[in-house]
Amino acid sequence: MFEDVKTAGPGFINFYLDKKIWQKELERILRDKKNVGRSLLGKNKKIHMEFISANPTGPLHVGHGRGAVLGDVLANLYEKLGYTVWREYYVNDYGNQVQTLGESVKAYVDHLADNRPYTPEEGWYQGDYIKDVALRLFKEKGPDLDRTASGQFAAQWILKNSIEKDLASFGVKPFDRYFSEKSMHENNDIQTTIEELKKKKCVKEEDGALWFLSRKYGDEKDRVIIRKNGLPTYLASDITYHQKKFEQDYQEVVNIWGADHHGYIQRVKGSMEALGFDSDRLKIVLVQMVNLKRGGVSVKMSKRSGEYITLKDVIDEVGADAARFTFLTRRSESHLDFDLDLVKSKSMDNPVFYLQYAYARTCNIFEYAKKEKIDLNKIHPDLDLLNKEELSMIKVMSGYEEILLQCVVQHEPYYLVDYLLGLAKEFHSYYNKHRVITQNRSETETRLCFVNAIHLVLEDALNVLGVQAPRRM
RNA sequence: GCGCCUGUAGCUCAGUUGGAUAGAGCGUUGGCCUCCGAAGCCAAAGGCCGCAGGUUCGACUCCUGCCAGGCGCACCA
């Protein structure tokens, strides 16, 4: 089992595994083929993932994009490990912002209807999409919808025609459900939850409002769930929403939130404890802010004037692959500078190309082999011919499953990206040092088998990341 | 004021539960295509790991206090 054991430095002993281990690993990867990295760890276990959940009041921006990729890739990773994943987008289609949206749209509808001057007020939603929605609303429903109905219409329209479309072009897999906040109000679910909290004596009445006693659960203060005016707060909806998730048999309930919501964690976790659940099942992944730049300087954006760069703008400019990958090149807790010029450039500033190039190289080697009349289905490795570099990379590839697992445990796809860049680096170096196809038949076949293993791992990983695996570039 | 995140090479960032000489890319300097794709490879230079204490045989890693930047602290969502 061990090839060598050496002492190295103060108090260290190094064990060298026999290279037979790595030879067998190569055979295993070649046997696994498209199933490389797959595991049964999560068999019969379900995961609930809620992410993005951007308010349907305007187009997605870059920050949403980061959360979208993180969620999409984490979901892929869970599935890779055998879990059944339910993807959900929570739609905040209730409350003040929908009113404001309605008001913003209605103003332009009025303008269309009787040519009233359009003068958007402070705090209203603006931008061309508001005009698009208004035009649509005017055509379909006429000029007389009230503010609330206009807001509902607009929210639906934005979700369908802006958000969903952007996500599709960003390569985010379709959600299993868009869950409506409004529906919980209509079904009286929120009232039911509040009654339950009352029964458990986790609320108090004070100043005419109803408070959830979140301080009991580590929050710094108690929180209002029913306002003085009788309307439930956003927290009330969220408690009910999470209760619904927890009532099902999900092993984990994962939320991906912008880091600006971190102050919210205690109270939501606390509410689940109050309802008798184990709040450790709730994993809240915070994704840090994205600082959009161009040529090294921050891009100033102003929502008020409606002048800001949307996710769609970014995808159109740099491409979905480069954008997705860039979001994954830092740990999610790390602040990210997203420089449009760098992400467009085809250099190592933009490592997605480095990785894709490694993959394209494997494809190209196979193309060349075909030209040399080598039948790739009839090649066999002579394991004793594997050289130092090949053995080193096989060692790396044998840790693929472990890396996937690490990503899931830490909720951090970055580890996979880091792993892949390391593997690609070794492969590029190897490619420059060794020729795969030579006059030496058995060496050629061995190396083709090895390159195939690299090919399989890269292809699988790129699929998990939702990035194209191009045969040519 | 309180809470969360972040201070590591000129720049952007890694550093797995405390362990061997702190790593990578970009940038800089110098090399490599009669040979499967140079979107690549090789080499060099570059560091008091924000500062100061503490715990430990051992600290970039853990604890305390400062300093700097970001983000939160609603009966908005």
Side-chain angles (χ1 to χ4, degrees), chain A residues 7-14 53-55 57 90 92-100 123 181 206-211 219-221 223-238 258-266 286-289 291 293 296 326 329-339 342 345-358 360-372 374 402-403 406 409-410 412 414-415 417-419 421-422 424-425 427-438 444 447-448 451 470 472-473:
Chain A
T7 59
F12 291 92
I13 303 174
N14 289 340
S53 300
N55 294 334
T57 52
Y90 182 49
N92 301 124
D93 51 0
Y94 179 90
N96 287 333
Q97 54 182 2
V98 181
Q99 297 295 317
T100 308
E181 179 188 3
E206 200 174 289
D207 301 331
L210 189 72
W211 303 67
D219 199 3
E220 51 192 24
K221 52 188 277 198
R223 308 289 173 176
V224 171
I225 49 177
I226 301 211
R227 290 184 271 246
K228 210 184 289 179
N229 66 11
L231 293 175
T233 61
Y234 180 73
L235 178 60
S237 314
D238 232 5
D260 52 343
H261 288 73
H262 73 263
Y264 212 76
I265 296 176
Q266 273 314 324
L286 293 180
V287 50
Q288 270 295 347
M289 306 284 106
N291 183 14
K293 292 184 160 188
T326 301
T329 52
R330 307 250 183 296
R331 291 190 353 270
S332 59
E333 280 195 350
S334 192
H335 297 256
L336 171 69
D337 284 339
F338 191 107
D339 193 312
L342 290 186
S345 73
K346 293 173 177 174
S347 69
M348 260 303 263
D349 277 322
N350 190 11
V352 66
F353 296 116
Y354 187 79
L355 202 54
Q356 290 181 320
Y357 188 54
R361 269 189 159 160
T362 62
C363 298
N364 198 56
I365 291 167
F366 299 145
E367 291 299 314
Y368 188 86
K370 277 183 207 160
K371 278 185 206 153
E372 297 292 308
I374 298 171
E402 202 182 317
I403 288 292
Q406 189 191 355
V409 169
Q410 313 267 347
E412 186 56 88
Y414 166 79
Y415 295 119
V417 169
D418 188 55
Y419 168 88
L421 290 175
K425 184 180 171 64
F427 180 67
H428 282 307
S429 177
Y430 165 82
Y431 181 87
N432 274 269
K433 187 172 176 183
H434 300 290
R435 247 192 103 74
V436 173
I437 293 155
T438 60
T444 297
R447 291 189 175 171
L448 280 169
V451 170
R472 287 161 185 274
M473 293 174 70

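Reminder, nothing fancy here: chain letters follow the sequence lines and each chain counts from 1.
When the ring pair (Phe, Tyr, Trp, His ring centres under 6.0 Å) test is applied to A/Tyr415, no partner is found at least two apart in sequence or on another chain. Under the side-chain contact (heavy atoms from CB on, under 4.5 Å) criterion, A/Thr438 pairs with A/Arg435, A/Asn440, A/Glu443, A/Thr444, not counting sequence neighbours. Listed by chain and residue number, A/His185 satisfy the ring pair (Phe, Tyr, Trp, His ring centres under 6.0 Å) test with A/Tyr94 (two or more places apart in sequence, or in another chain). In this structure, A/Glu372 has no salt bridge (charged side-chain N to carboxylate O under 4.0 Å, His left out) partners at least two apart in sequence or on a different chain. Residues passing the side-chain contact (heavy atoms from CB on, under 4.5 Å) test with A/Lys370 are A/Glu367, A/Leu376, sequence neighbours excluded. Residues forming a ring pair (Phe, Tyr, Trp, His ring centres under 6.0 Å) with A/Tyr414 (at least two apart in sequence, or on another chain): none. Residues satisfying the salt bridge (charged side-chain N to carboxylate O under 4.0 Å, His left out) test with A/Asp260, not counting sequence neighbours, are none.
Contact annotation: A/Tyr368 does not reach the phosphate of B/C36 (side-chain N/O to OP1 or OP2, under 4.0 Å). Checking the phosphate oxygens (OP1, OP2) of B/C42, no side-chain nitrogen or oxygen of A/Tyr431 falls inside 4.0 Å.
Looking at A/Asp260, its side chain has no donor and acceptor atom pair within 3.5 Å of the base of B/G72.
When base pairs are accepted only as Watson-Crick or G-U wobble with both N-N or N-O distances under 3.5 Å, RNA chain B takes part in stems of 3 or more pairs at B:1-7 with B:67-73, B:10-13 with B:23-26, B:28-32 with B:40-44, B:50-54 with B:62-66.
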**Asked** Reading nucleotides 7-18 of chain B 5' to 3', which nucleotides get B (base under 4.0 Å from a protein heavy atom), which S (sugar-phosphate only), which -?
**Response** -----SSSSS--
